[in-house]
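In what follows, a single structure is set out as structure tokens and then discussed.
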Amino acid sequence: MARKRISMRKIKEVLRLRFEVGLTYDAIGHSCNIGHTTVGECLRRAKAAGLTWPLPEDMDDASLERLLYPPPPGPAINRPMPDWEYVHKERKKKGVTLFLLWQEYKETYPDGYEYSWFCRNYKEWSGTIDVAMRFNHKAGEKLFVDYAGHTIPIIDKTTGEIQQVQIFVATLGTSNYTYAEATWTQSLPDWIGSHTRAFTFLGGVPEIIVPDNLKTGVDKSCKYEPDLNPTYQDMAFHYRCAVIPARIRSPKDKAKVETGVKTVEQWILARLRNMTFFTLTDLNKTIRKLLEDLNNRSFQKMSGTRRSLFEELDRPALKPLPFEPYTYAEWKKARPHIDYHIEAHGFYYSVPYQLAKKEVEVRITQHTVEIFYKGKRVASHQRSYNLSKRYSTAREHMPTCHQKYLDWTPDRISKWASKTGGATAQTINIVMKTRAHPQQGFRTCMGIMSLGKEYGQERLEAACSRALTIGSPSYKSIQAILKKGLDRLPLQKEVHQTSFIHHANIRGPEYYHITKGENNHVDSPDH
């Protein structure tokens, strides 16, 4: 039976978690949301293809897929499947082994599957009927993370406003060594920041992070295949660890962190109930002092403390911290417009023009914007915050001749606009001429032309004529004229020619007043 082929991104993660992190097949399967047999199949294909980790830098997803999944040599053989229920019942009988059952299966079906496949698939099938698991935590293996149910109020001294802050809790599986801190929210930046500070507190990194199915860290909650937030997965890659979310409605998966949360609520938060805090810093200083007391407190039913067990067992097994802490990055999917730019937080960044209208992934940090196509970085820009310069265009991304760029050229757009009228064509030409590169005006031009579909070509021509007259040939101005119906009124009756400020650079804001009983202020920055 053919297996469902998984994405190249997951295959890369399987290789990394196996050869860099050293996880077992089961742990890798949980982290990547695939069965352990699929993990084994990926690793066998990688070995057969002669792949090593890390992969060559110039290997893209298409090359990797060709190596791992070459065309089949011939039609697949339709082999009979074993009766797993019969195998399971027979195996419970004294002296009956899987090898014996496989021999009987082969006697009945000489063309059936071989022994290794038989064992592997029986183990996978039997795992679906075992509803309980016992957890034996290895030293330094798992860090359980979650938020406490209780919150702490912080009072703004200036306004008196009260904000309830969240309490992040992390507990190591072996020693129960605990970390806690307060954050303003449970948002993704706070969630990632709490992890990085927890690793610093521990002085190392565990093999596996076990979060609850929190929406912040898990995009799609599913009992068996939760999808991680890309930023969370990116952080795990940086720290060379794996993230295996707890299954929903499975308290045994997260018993450690629930116990840790309860302990923090009883031994720390309860002691803060009658205290008043005015800053997050002061609250976290107090939590840190109480946290030291908690980790140094003796166990009731065994000798030692959380700290002593941590120093003896967990600390030596933790991985060293990377040289630099993780830099927070947002991930999003985008499709470059016909001007081969993608949008990120109101600014536009170029990609190679061949990628126009193709789906790419965008990684956004405080200082950089990186664009990836099929797992390979194709563009990198310094992140822009200058509102007067919204476009960042790399010269090497531009087409050598516009015919290669989906046939969209300044001349074609101008001819298209001229079909509506001379004023529309003049407006479009002004927009493109006021850009460093004409292609940077394509998006604005397309927006102006789209107004013709909504309001009609005749009204668009009239609106463009009015915008030219008042010195504001921009998308926002034309849109405002059409919305207010000013294209249908005589210009001299409601527009004072001296009431607008005309800028030579159309990318800046322009202002004009429209009198219709009273003066209205219209803000018309270029789109």
Side-chain angles (χ1 to χ4, degrees), residues 21 134-150 152 165-183 190-212 235-236 239-244 246 252-273 275 277 280-323 325-326:
V21 183
R134 295 190 61 181
F135 291 91
N136 296 311
H137 302 295
K138 295 191 301 182
E141 181 187 37
K142 294 180 180 179
L143 180 70
F144 297 83
V145 294
D146 201 359
Y147 284 103
H150 294 186
I152 299 292
V165 299
Q166 310 298 314
I167 307 299
F168 173 86
V169 180
T171 304
L172 281 168
T174 302
S175 62
N176 291 320
Y177 195 62
T178 301
Y179 173 75
E181 70 169 23
T183 59
D190 281 338
W191 173 253
I192 297 297
S194 292
H195 279 71
T196 60
R197 290 184 288 272
F199 295 150
T200 301
F201 176 81
L202 298 175
V205 182
E207 291 182 15
I208 300 170
I209 305 170
V210 183
D212 191 2
M235 183 209 72
Y239 285 103
R240 298 183 298 113
C241 62
V243 177
I244 303 179
K252 288 186 179 181
D253 285 11
K254 51 183 179 176
K256 278 285 182 180
V257 74
E258 289 188 344
T259 301
V261 166
K262 184 177 180 180
T263 302
V264 167
E265 290 175 345
Q266 292 177 344
W267 290 89
I268 296 180
L269 303 187
R271 286 166 168 75
L272 303 177
R273 69 187 187 281
M275 301 177 67
F277 297 95
L280 190 69
T281 302
D282 289 342
L283 172 57
N284 276 321
K285 286 181 179 178
T286 305
I287 290 176
R288 182 62 66 93
K289 291 179 182 178
L290 295 174
L291 196 60
E292 291 296 316
D293 294 339
L294 170 63
N295 285 322
N296 289 325
R297 187 172 59 88
S298 298
F299 291 120
Q300 292 182 350
K301 298 182 179 180
M302 57 183 294
S303 60
T305 63
R306 288 174 172 81
R307 177 176 293 279
S308 64
L309 278 182
F310 169 73
E311 297 292 346
E312 179 183 355
L313 301 174
D314 279 324
R315 184 189 285 276
L318 293 175
K319 297 178 181 179
L321 290 168
F323 183 73
Y326 174 69

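Here the structure is a predicted model, which means the values were calculated and not measured.
Inter-residue side-chain proximity for Phe201 and Leu291 is flagged as met; some heavy-atom pair is nearer than 4.5 Å. Arg297 is listed as a side-chain neighbour of Trp267, based on a closest heavy-atom distance under 4.5 Å. Between Ile268 and Ile167 the shortest side-chain heavy-atom distance does not fall below 4.5 Å. At least one side-chain heavy atom of Leu172 sits under 4.5 Å from a side-chain heavy atom of Phe310. With a 4.5 Å cut-off on side-chain heavy atoms, Phe168 and Asp190 do not count as touching. Counting only heavy atoms from C-beta outward, the side chains of Phe199 and Leu318 never approach each other to under 4.5 Å. Within the 4.5 Å cutoff, side-chain heavy atoms of Leu321 are placed close to those of Val205. Residues Phe277 and Thr286 are in side-chain contact: their nearest non-hydrogen atoms beyond the backbone lie under 4.5 Å apart.
In this structure, the separation between OH on Tyr177 and CG on Leu294 is 10.0 Å, given to the nearest 0.5 Å. Expressed to the nearest 0.5 Å, how far CZ of Arg197 lies from CD1 of Ile192 amounts to 10.5 Å.
Closest of all the heavy-atom pairs between Val165 and Ala182 is CG2-CB, 4.2 Å. Residues Pro316 and Glu311 approach most closely at CD-O, 3.5 Å, considering heavy atoms. When all heavy atoms are compared, the tightest approach of Thr183 to Ser194 is CG2-OG, 3.4 Å. Nearest heavy atom pair, residue Met275 against residue Arg271, reads SD-O, 3.8 Å. The two residues Pro206 and Leu143 have their closest heavy-atom pair at CG-CB, 3.6 Å.
With sequence neighbours excluded, the residues satisfying side chain to side chain contact (heavy atoms under 4.5 Å, CB included) with Glu312 are Leu309. Remark: Glu207 pairs with Leu23, Glu141, Lys319 by the side chain to side chain contact (heavy atoms under 4.5 Å, CB included) rule, at least two apart or across chains.
Arg307 and Asn296 form a side-chain donor-acceptor contact under 3.5 Å, judged by distance and modelled atom types alone.
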List the steps, then state whether side chain to side chain contact (heavy atoms under 4.5 Å, CB included) holds for His195 with Val243.
CA-CA 12 Å; His195 279 71; Val243 177; over 6 Å; no
For Thr263 and Thr171, run side chain to side chain contact (heavy atoms under 4.5 Å, CB included): C-alpha distance rounded to whole Å, both residues' side-chain angles, the deciding distance at 0.1 Å, then the answer.
CA-CA 10 Å; Thr263 302; Thr171 304; over 6 Å; no
Apply the test side chain to side chain donor-acceptor pair (under 3.5 Å) to residues Asn176 and Arg306: give CA-CA distance (whole Å), side-chain angles for both, the deciding distance (0.1 Å), then the verdict.
CA-CA 6 Å; Asn176 291 320; Arg306 288 174 172 81; 5.9 Å; no
Yes or no on side chain to side chain contact (heavy atoms under 4.5 Å, CB included) for Val169 and Asp146, after CA distance, side-chain angles and deciding distance?
CA-CA 6 Å; Val169 180; Asp146 201 359; 5.8 Å; no
Passes side chain to side chain contact (heavy atoms under 4.5 Å, CB included), Leu269 versus Leu272? Steps please.
CA-CA 5 Å; Leu269 303 187; Leu272 303 177; 4.3 Å; yes
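Judged by distance alone, the side chain of Arg273 and the main-chain N or O of Ala270 form a donor-acceptor pair under 3.5 Å. For Tyr239 (side chain) and Tyr326 (main-chain N/O), a donor-acceptor pair under 3.5 Å exists by modelled atom type.
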